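Notes to accompany the following structure.
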Amino acid sequence: MTTTALKPARLRVAPSPTGDPHVGTAYMSLFNLAYARQTGGQFILRIEDTDRVRYVADSERQIFDTLHWLGLDWDEGPDVGGPCGPYRQSERLDTYQPYVDQLIADGHAYYCWCSRERLQALREEQERSKTSNTGYDRLCYGKTREERAALPGFTDSPVVRMLIPDGLDLTFPDVIRGQLTAPPPDDQVILKADGFPTYHLAVVVDDHLMGITHVVRGEEWISSTPKHILLYQWLGWEPPAFAHMPLLRNQDRSKISKRKNPAARLAWFREQGYLPEALRNFLQLMGYPPVHGDDEVASFEDFVAAFDWAKINPVGPIFDLDKLTWLNGHYIRSLEPAELAQRITTHLVETGQWPSPPDPAAVDLLTRATPMIQERLTLLSEALPKLAFLYTADSDLVVADDALATLNADAPRVLAAAIDIVHQVPAGSFTAETLEAALRAGLVEGLELKARVAFGAVRTAIAGQKVSPPLFDSMAVLGQASCLARLRALAGRLATQG
RNA sequence: GCCCCCAUCGUCUAGAGGCCUAGGACACCGCCCUUUCACGGCGGCGGCACCGGUUCGAAUCCGGUUGGGGGUGCCA
């Protein structure tokens, strides 16, 4: 692999703390991080909390937690600090004000006292008349407060708007899409009536002050990029490179949303029992070809080494869980059994199914049983249901009706023989191998039954289900006494029923 | 309405004019392995949205149509 020396890049992800962290944030973070690592640069987390109305207090902590869970760690941010802080926009209000003043002084921005009602009426009128020029009508431009106050639709606390010039260049380069064209902007508000900047001003000021070299964001931002570039020009700054990523979609192809898709909530994956490495690998495959050609499994390190903006597919990928689930099973199978047992335990504690700290006996049982379910798991959350028969007292085991229905006329003598065989296994060698050899000899060869019939009856007695983890391993984990109790219970039940 | 972005199997994608009667993965179906279920192996189903150009030759280039998405906020 030839690697041209790349200049260290500084990239950031800038989520808004307005609710549960979105999967799109993780998607953008992954690509940001990959390029930062490839160039030996930095990845920065900035909290964009300029919307006081939608602000959710707990959301910032959830952003930290879920991004860290996924292994997407930042070099600078509100929690770890850094040379360009503060990294929360609500703490940078004093930073923005001088630039607003400068833009007004230079004639690039102006105060607007129009009330929300007037603006809304204006928008409705534009919609009704189906005009092609939407946007603010510049009623306030060039007027003093007194002049404007004499007109209708006035409000006392003004906003500040950009004065978009005619003939603005609407094209700009994008590292993913080449030369782009965007629609002519409106006189965008840059400072709200409450003194907070809007995204458009804050993102430009912060990205410049924080030395951001590449702005990686969703394609929904393409249309506002000319406004941002104009701000860079007015302020005398060099604009960064832009990379507009495709948008993740719901099954119906709309932009992925929490309402239509539970997977839009990043925390959902953790709750469902997905492994962070599986989700990370899956996200790497969204809009990006497999790093290793036909093999779609790839580590983050390999992704970083091969990363190339030009390979990003601008088509918005549908977020379909099938492949993620397969990847999850793959990563589960690749774990050391002890590590898997640990992950399952953590999952059970995190989801409140097990107390914290968990019962040591339950953990021990899980650790012994995990090897036999490892290749049968697709989600961590499936472990406990598959092992439920091990966590059930012998006297409480319920034999399912469909399992009972598989029993034929041979069942009573199969169970009688099995009891005898299991009873005779020396306590010290109650292993899967010993049990299989003894039961195969006694039931399959001795009684001349098909393995399916013989072991099926034993399975029903031991697990109470038609389908279970491997029978002999299950018996070894369960222990001799429990096995005998369960075999006798079913034998007795059949005898009673005649 | 107006503007912008996009268009290969159901889904994720390979493909940058001849290597493509379009390759892989997931899903689905069948077979094998097998004490159940899985895992694994083998095979199958299935696609270049449409119409015009350009070219000896187009999935690949150009135009249009259609379709989908996004934007059009004192949200981000």
Side-chain angles (χ1 to χ4, degrees), chain A residues 14-16 18 48-51 53-54 112 114-116 119-120 123 126-135 155 157-161 170 174 177 180-186 188-194 196-200 202-203 217-224 244 246-247 249 251-255 282 285-290 293-297 310 313-327 329-330 333 372-378 386 403 406 436 439-440 443-444 450-460 463 465-472:
Chain A
S16 298
T18 52
E48 304 210 319
D49 54 351
T50 56
D51 186 343
V53 178
R54 295 202 306 162
C112 172
C114 287
S115 65
R116 289 168 190 273
L119 261 13
Q120 193 184 332
R123 227 169 272 129
Q126 287 170 342
E127 207 165 309
R128 220 179 358 256
S129 65
K130 299 191 192 303
T131 175
S132 57
N133 12 298
T134 55
T155 179
S157 36
V159 300
V160 175
R161 288 181 183 274
L170 300 173
D174 182 282
R177 296 157 194 262
L180 282 179
T181 305
D186 167 17
Q188 179 67 51
V189 171
I190 54 172
L191 191 71
K192 307 184 210 183
D194 63 6
F196 276 65
T198 59
Y199 170 83
H200 306 286
V203 75
R217 59 193 355 177
E219 77 178 298
E220 73 238 55
W221 292 108
I222 290 174
S223 54
S224 27
H244 288 95
L247 255 23
R249 320 280 193 93
Q251 295 284 352
D252 68 1
R253 300 186 180 277
S254 58
K255 176 163 85 167
F282 181 65
L285 259 13
M286 297 279 89
Y288 199 85
D294 288 348
D295 184 5
E296 307 205 323
V297 177
N313 186 340
V315 187
I318 290 173
F319 201 88
D320 180 30
L321 264 14
D322 279 339
K323 186 173 285 190
L324 170 61
T325 303
W326 165 75
L327 272 170
H330 172 86
R333 273 171 250 131
M372 66 185 182
I373 56 167
Q374 182 158 18
E375 67 182 27
R376 293 168 173 75
L377 289 185
T378 185
K386 283 193 192 303
T406 63
E436 174 164 11
L439 287 166
R440 196 175 287 280
L443 303 182
V444 181
K450 285 187 173 175
R452 184 185 187 90
V453 172
F455 299 151
V458 177
R459 182 187 308 282
T460 297
Q465 301 286 333
K466 280 201 301 190
V467 173
S468 83
L471 180 58
F472 309 115

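These numbers come from the heavy atoms of this one structure, side chains and all, not from hydrogens, waters or symmetry mates. Convention: sequence-line order gives letters A, B, ...; per-chain numbering from 1. This structure is a prediction, so every number in the text was calculated from the model and none was measured.
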Can you list the residues that meet the side chain to side chain contact (heavy atoms under 4.5 Å, CB included) rule with [X], with sequence neighbours excluded?
X      : value
A:D252 : A:N250, A:S254, A:K260
A:R459 : A:S468, A:L471
A:K450 : A:V453
A:E375 : A:R333

Exercise. Any donor-acceptor pair under 3.5 Å linking the side chain of A:D174 with the backbone of A:L180?
Worked result: no
Exercise. Got a donor-acceptor contact below 3.5 angstrom from the A:T378 side chain to the A:G329 backbone?
Worked result: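 No, the answer is negative, given that no donor and acceptor are paired below the 3.5 Å cut-off.
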With a 3.5 Å limit on both atom pairs, tell me what [N] is paired to, counting Watson-Crick and G-U wobble, or say none.
N     : result
B:C75 : none
B:C19 : none
B:C61 : B:G53
B:U66 : B:A7
B:G40 : B:C32

[X] [atom1] to [N] [atom2], straight-line distance once rounded to whole Å:
X      : N     : atom1 : atom2 : result
A:M372 : B:A38 : CE    : C1'   : 13 Å
A:I318 : B:U13 : CD1   : C1'   : 13 Å
A:I222 : B:C4  : CD1   : P     : 12 Å
A:N313 : B:A16 : CG    : C1'   : 13 Å
A:R217 : B:C5  : CZ    : C1'   : 15 Å

Separation between the [atom1] atoms of [N] and [M], rounded to whole Å:
N     : M     : atom1 : value
B:C5  : B:G64 : P     : 12 Å
B:C9  : B:G70 : C1'   : 26 Å
B:C4  : B:G47 : P     : 34 Å
B:A58 : B:G44 : P     : 29 Å
B:G40 : B:C61 : C1'   : 45 Å
B:G23 : B:C75 : C1'   : 44 Å
B:G10 : B:C3  : C1'   : 32 Å
B:U60 : B:G17 : C1'   : 7 Å

Could you go through nucleotides 34-36 of chain B and list every protein N or O atom that sits under 3.5 Å from one of its N or O atoms, giving the distance for each pair?
residue : atom : partner : partner atom : Å
B:U35   : OP1  : A:R440  : NH2          : 3.1
B:U35   : O2   : A:R459  : NH2          : 2.1
B:U36   : O2'  : A:K466  : O            : 3.4
B:U36   : N1   : A:R459  : NH2          : 3.3
B:U36   : O2   : A:R459  : NH1          : 3.4
B:U36   : O2   : A:S468  : N            : 2.8
B:U36   : O2   : A:S468  : O            : 2.8
B:U36   : N3   : A:R459  : NH1          : 3.3
B:U36   : N3   : A:S468  : O            : 2.8

Can you sort out the partners of [X] under side chain to side chain donor-acceptor pair (under 3.5 Å), two or more places apart, ordered by chain and number?
X      : answer
A:R440 : A:E436
A:T18  : none
A:Q188 : A:K227
A:D51  : A:R54

For this session: Let me see the working for A:L327 and A:E296 under side chain to side chain contact (heavy atoms under 4.5 Å, CB included), right down to the final yes or no.
Result: CA-CA 9 Å; A:L327 272 170; A:E296 307 205 323; 5.7 Å; no
Problem set entry | All ring-ring contact (aromatic ring centres under 6.0 Å, His included) counterparts of A:F319, not counting sequence neighbours | A:F269, A:F282
Exercise. Looking for any heavy atom pair under 4.0 Å, which part of the strands does A:L439 touch: base, sugar-phosphate only, or nothing?
Worked result: nothing
Exercise. Within the structure shown, what part of the strands sits under 4.0 Å from A:D295 by heavy-atom distance: base, sugar-phosphate, or nothing?
Worked result: nothing
Exercise. A:P317 or A:A182: which one's nearest nucleotide on RNA chain B is closer to the 5' end?
Worked result: A:A182
Seminar exercise, completed: Its contact letters, B for base, S for sugar-phosphate only and - for none at protein heavy atoms under 4.0 Å, make nucleotides 25-30 of chain B read BSS---
For this session: For each nucleotide in nucleotides 66-76 of chain B, reading 5' to 3', give B when a protein heavy atom comes within less than 4.0 Å of its base, S when such contact involves only the sugar-phosphate, and - otherwise.
Result: --SSSSSSBBB
For this session: Please step through side chain to side chain contact (heavy atoms under 4.5 Å, CB included) for the pair A:L443 and A:V458, ending with a clear verdict.
Result: CA-CA 10 Å; A:L443 303 182; A:V458 177; 4.0 Å; yes
